[in-house]
Amino acid sequence: MSNPIVSVIMGSDSDYPIMEAAVDMLKEFDIPFECTVVSAHRTPDRMVNFAKEAAGRGIKVIIAGAGGAAHLPGMVASLTALPVIGVPIRSSNSIDGWDSVLSILQMPNGIPVATVALNGAKNAGILAASILGASDKAIFDKVSSYKESLKEAVLEKAKRVEEKNS
Ligand code: RP5
């Protein structure tokens, strides 16, 4: 995709089935993105280069997913002033998901990572759009419409449940 403004990275291709939900939301909002594998532990030099060069390449938000000893989002956040959204993934090396959540969530003061729920890649895509939407009216309007559609869907569900019990 030309001129991506969001970068979706993950520690392994085994994370992709979860991370695809972030990609899907970026597509829905017509936000140009890139998507690749960057491993904090297996390709540390690639991670450092990626994080240091991302802003200069025009990236505005980074979504980083990892599981188990999930150091990728925090390490990337330590290397760039760009906002980093972390997606904890329950992966093959994760005990129960808490390890992934806490590895990404419990960052030290000074290096924040906006951590979404376990396997919450969909929300990561929406949050990235919201961050961009603060300074881009077209994206803001798309996120607003999306949230409006959620409201309408819930009201429809309420109607169906109420009809069953009337
Ligand atoms: C983490 O290890 C990755 O983010 C992935 O969640 C997990 C397992 O990786 P693979 O062994 O499947 O490559 O670094």
Side-chain angles (χ1 to χ4, degrees), residues 1-134 139 142-143 146-147 150:
M1 203 171 278
S2 62
N3 302 321
I5 57 173
V6 176
S7 189
V8 181
I9 59 171
M10 59 209 81
S12 172
D13 62 344
S14 61
D15 298 323
Y16 187 74
I18 296 297
M19 294 303 288
E20 195 173 16
V23 165
D24 288 344
M25 290 314 300
L26 296 171
K27 286 180 183 166
E28 181 162 337
F29 295 133
D30 293 317
I31 295 171
F33 67 92
E34 61 182 13
C35 184
T36 190
V37 171
V38 180
S39 171
H41 302 120
R42 295 162 175 161
T43 63
D45 292 337
R46 174 171 162 81
M47 177 194 66
V48 171
N49 291 337
F50 164 84
K52 287 188 169 176
E53 292 169 1
R57 292 191 297 105
I59 299 299
K60 293 185 173 3
V61 182
I62 295 169
I63 299 173
H71 297 141
L72 180 65
M75 286 307 299
V76 168
S78 77
L79 291 159
T80 178
L82 291 172
V84 176
I85 302 170
V87 183
I89 294 175
R90 185 173 182 177
S91 57
S92 60
N93 62 325
S94 171
I95 296 170
D96 58 5
W98 273 114
D99 41 9
S100 316
V101 170
L102 297 177
S103 295
I104 297 177
L105 181 68
Q106 291 301 113
M107 290 296 293
N109 282 334
I111 313 292
V113 170
T115 308
V116 296
L118 185 68
N119 292 343
K122 182 171 186 168
N123 272 358
I126 297 167
L127 181 56
S130 294
I131 291 168
L132 294 166
I139 295 175
K142 284 176 189 161
V143 177
Y146 172 76
K147 290 193 168 177
L150 296 183

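Order of appearance sets the numbers: ligands from 1, and atoms from 1 within every ligand. Here the structure is a predicted model, which is why all the values come from computation and not from measurement.
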**Item:** Non-neighbouring partners of Ser130 that pass side chain to side chain donor-acceptor pair (under 3.5 Å), sequence neighbours left out
**Value:** none

**Prompt:** Can you list every pair that meets ring pair (Phe, Tyr, Trp, His ring centres under 6.0 Å) and has a residue in residues 62-96, with sequence neighbours left out?
**Reply:** His41-His71

**With Tyr16 via ring-ring contact (aromatic ring centres under 6.0 Å, His included) - residues at least two apart** = none

**Prompt:** Does the distance from a Lys or Arg side-chain N to an Asp or Glu carboxylate O, for Lys122 and Asp24, drop under 4.0 Å?
**Reply:** no

**Prompt:** CD1/Ile9 to CD1/Ile62 distance, rounded to the nearest 0.5 angstrom?
**Reply:** 6.0 Å

**N-O pairing of Glu34 and Arg57 below 4.0 Å** = yes

Tabulate distances under 3.5 Å between N/O atoms of ligand 1 and N/O atoms of the protein, writing both atom names on each line.
{"residue": "ligand 1", "atom": "2 (O)", "partner": "Asn93", "partner atom": "OD1", "Å": "3.4"}
{"residue": "ligand 1", "atom": "2 (O)", "partner": "Asn93", "partner atom": "ND2", "Å": "3.4"}
{"residue": "ligand 1", "atom": "4 (O)", "partner": "Asp15", "partner atom": "OD2", "Å": "2.6"}
{"residue": "ligand 1", "atom": "4 (O)", "partner": "Gly67", "partner atom": "N", "Å": "3.3"}
{"residue": "ligand 1", "atom": "6 (O)", "partner": "Asp15", "partner atom": "OD1", "Å": "2.6"}
{"residue": "ligand 1", "atom": "6 (O)", "partner": "Asp15", "partner atom": "OD2", "Å": "3.4"}
{"residue": "ligand 1", "atom": "6 (O)", "partner": "Gly67", "partner atom": "N", "Å": "3.1"}
{"residue": "ligand 1", "atom": "6 (O)", "partner": "Ser91", "partner atom": "OG", "Å": "3.2"}
{"residue": "ligand 1", "atom": "11 (O)", "partner": "Arg42", "partner atom": "NH2", "Å": "3.2"}
{"residue": "ligand 1", "atom": "12 (O)", "partner": "Ser12", "partner atom": "OG", "Å": "3.4"}
{"residue": "ligand 1", "atom": "12 (O)", "partner": "Ser14", "partner atom": "OG", "Å": "2.6"}
{"residue": "ligand 1", "atom": "13 (O)", "partner": "Ser12", "partner atom": "OG", "Å": "2.6"}
{"residue": "ligand 1", "atom": "13 (O)", "partner": "Arg42", "partner atom": "NH1", "Å": "2.7"}

